[in-house]
Amino acid sequence: MKCAIPYLATAIGSFPFESADEALQVIFSAIPDAPVWPQLPLRSPLEGMEIQYSEGMPRAVVDEEKARLHFDTTGDYSEDFAGFYEIYMAAMDPDNGTGDCSAMAVSDRFSRGIYALEDRLKKGGDRLPYVKVQVTGPCSFALTAVDQDKRAIYYNEEFRDVIVKALAMKCRWQVKKFAPYCTQVICFIDEPILSAFGSSTYISVKREDIIAMIAETVEAVHADGALAGVHCCGNTDWSILIDAGVDIVNFDAFGYGETIALYPESVKSFLSRGGALAWGIVPTSPEIRTQTAESLAARFNELVAHLSEKCGAPKEMILAQSLLTPSCGTGSMDREDAKTVFARLKETSDLLRKGR
């Protein structure tokens, strides 16, 4: 992905506001060329990271009062699954599928931000360069959501397959919803749990299974011509995401910027096939209070030079295939700090453009 706009800035989904309109004011002031729909966990427990995407999944049980989600795996669920797979095949079959994934839509009750952004784009009239949407990744969803016995649903292969396919449909539904308003839709698959891959907690989680789950989601994003990105806000084996076929790798460059260079061959191959790096250069922590656009631009340039040296890719190639983002979502931040994050993001993008 060679960015049509140098140092294109976009964001991860969550915001620390209850009002979608307030979030959109921040979004359009800072990232007007690639706006996102805001996830608003403070507005409702239904906008939590897993709950928000559970709507319509068979056997999903949401306790709004406790903000908890679990899957009921007891009894005979064959009829529930048969109904789901019938809907899935009708929409997603590569030969005869309609592509209509509205059966897995995220309603206004579970996301005010999707519909607030859609309303704004309808009224605006102009076709934007990019719109970015997002979904909780299948690995993070399945390893975090549990069954009635508090066992991660990932370890139930039947439910895991349903979750992957439901999330794939939710991606495709979003892509179709926002395609009329932009030249290119970008869909991020948020996989924060991959920062723990390889730890003793997830020792039984296999690399090939992770790749397969993400790849199936990426395939759905690609089905209607969108670009697929994966976001992980900690250190991980970055080659996993590259091997899953993503177009954009988004990482916490402020905190873990050097780690991408630990996989030089994978990164060089990724860049050579047109992949882009989304550098989470703006910290989403109290450290934002001490950062300036100048300090963040300097950090970015150091990291690009370091990666170029380690992987052998020309610096010019890396820069042409780079986006800028916050290091993670801002949903748990102080409101004013979150606004500062987006002010610094815009300032840093503008500064780097001037220095081209």
Side-chain angles (χ1 to χ4, degrees), residues 1-12 33-34 36 129-135 137-139 171 175 182-192 194-195 197 207 210-253 256-281 300-301 303-325 327 349 352:
M1 174 193 175
K2 289 190 177 180
C3 299
I5 300 167
Y7 306 108
L8 177 73
T10 189
I12 319 307
D33 297 317
V36 305
Y130 301 93
V131 170
K132 183 215 163 244
V133 299
Q134 58 270 335
V135 69
C139 302
C171 288
V175 170
C182 63
T183 302
Q184 183 75 71
V185 177
I186 298 171
C187 181
F188 270 23
I189 302 160
D190 295 335
E191 289 285 15
L194 291 188
S195 61
F197 175 69
R207 186 181 193 276
I210 290 177
I211 291 173
M213 291 168 73
I214 297 175
E216 186 170 340
T217 315
V218 167
E219 185 178 342
V221 174
H222 286 166
D224 293 301
L227 295 172
V230 173
H231 162 74
C232 181
C233 49
N235 186 18
T236 192
D237 179 347
W238 299 109
S239 68
I240 290 176
L241 309 184
I242 292 169
D243 290 348
V246 302
D247 305 297
I248 304 168
V249 173
N250 178 228
F251 59 103
D252 177 357
Y256 300 95
E258 288 81 7
T259 66
I260 196 78
L262 296 175
Y263 304 87
E265 294 305 317
S266 289
V267 173
K268 185 176 182 180
S269 174
F270 176 65
L271 292 168
S272 296
R273 68 172 169 83
L277 298 174
W279 302 76
I281 200 66
F300 171 77
N301 285 323
L303 291 170
V304 169
H306 175 73
L307 178 60
S308 177
E309 178 186 351
K310 294 296 182 183
C311 78
K315 185 177 176 183
E316 294 73 21
M317 173 191 282
I318 298 172
L319 292 175
Q321 294 165 218
S322 287
L323 295 77
L324 303 177
T325 71
S327 60
S349 176
L352 288 168

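A heavy-atom distance below 4.5 Å is found between the side chains of T259 and W238. A heavy-atom distance below 4.5 Å is not found between the side chains of L227 and V185. Using a 4.5 Å cut-off on side-chain heavy atoms (C-beta onward), I242 and R273 make contact. Looking at L323 and W279, their side chains never come closer than 4.5 Å, going by heavy atoms from C-beta outward. At a threshold of 4.5 Å between non-hydrogen side-chain atoms, the residues I189 and P138 count as touching.
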**Message:** Determine whether L8 and D33 satisfy the following criterion, side-chain contact (heavy atoms from CB on, under 4.5 Å), listing intermediate values before the conclusion.
**Reply:** CA-CA 7 Å; L8 177 73; D33 297 317; 3.8 Å; yes
**Asked** Should V133 and I186 be marked as a side-chain contact (heavy atoms from CB on, under 4.5 Å) after you check the CA-CA gap, both sets of side-chain angles, and the distance that decides it?
**Response** CA-CA 6 Å; V133 299; I186 298 171; over 6 Å; no
**Message:** What verdict does the side-chain contact (heavy atoms from CB on, under 4.5 Å) test give for S322 and F300, after you've listed the backbone C-alpha separation in whole Å, the side-chain angles of each residue and the deciding distance to 0.1 Å?
**Reply:** CA-CA 10 Å; S322 287; F300 171 77; 4.3 Å; yes
**Message:** Assess the residue pair E191 and I214 against the criterion (side-chain contact (heavy atoms from CB on, under 4.5 Å)); give the C-alpha distance rounded to whole Å, side-chain angles, the decisive distance to 0.1 Å, and a yes or no.
**Reply:** CA-CA 9 Å; E191 289 285 15; I214 297 175; 3.8 Å; yes
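Shown here are the side-chain contact (heavy atoms from CB on, under 4.5 Å) partners of S308, two or more places apart in sequence or in another chain: K315, I318. Shown here are the side-chain contact (heavy atoms from CB on, under 4.5 Å) partners of A228, two or more places apart in sequence or in another chain: V218, V221, H222, D247. Qualifying side-chain hydrogen bond (donor to acceptor under 3.5 Å, both in side chains) partners for S327, counting only residues two or more places apart in sequence or in other chains: T284. Take Q184 and apply the side-chain hydrogen bond (donor to acceptor under 3.5 Å, both in side chains) test, not counting sequence neighbours, and it matches no residue. N301 is linked by a side-chain contact (heavy atoms from CB on, under 4.5 Å) to L352, counting only residues two or more places apart in sequence or in another chain. For A9, the side-chain contact (heavy atoms from CB on, under 4.5 Å) test picks out I31, L345, S349, with sequence neighbours left out. When the side-chain hydrogen bond (donor to acceptor under 3.5 Å, both in side chains) test is applied to N250, the partners found at least two apart in sequence or on another chain are H231, T325. Every residue was checked against the side-chain hydrogen bond (donor to acceptor under 3.5 Å, both in side chains) condition with E219, not counting sequence neighbours, and none meets it. The salt bridge (Lys or Arg N to Asp or Glu O under 4.0 Å) check on D224 picks up R172, K176, with sequence neighbours excluded. Legend: residues meeting ring pair (Phe, Tyr, Trp, His ring centres under 6.0 Å) with Y130, ordered by chain and number and at least two apart, are absent.
The side-chain contact (heavy atoms from CB on, under 4.5 Å) test with L277 singles out one residue from L303, V304, L324, L271, and that residue is L271.
Atom-to-atom distance recorded for D190:CG and C139:SG is 12.0 Å, nearest 0.5 angstrom. The line from OG of S195 to CG of N235 is 8.5 Å long, rounded to the nearest 0.5 Å.
Each salt bridge (Lys or Arg N to Asp or Glu O under 4.0 Å) pair with one or both residues in residues 225-242, not counting sequence neighbours, appears once here: R207-D237.
When all heavy atoms of C187 and C171 are compared, the pair lying nearest together is SG-SG, 3.8 Å.
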Sequence neighbours excluded and cut-off under 3.5 Å, please list the side-chain donor-acceptor pairs for residues 260-270, or say none.
none

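In this structure, the side chain of T217 engages the main chain of M213 through a donor-acceptor pair within 3.5 Å.
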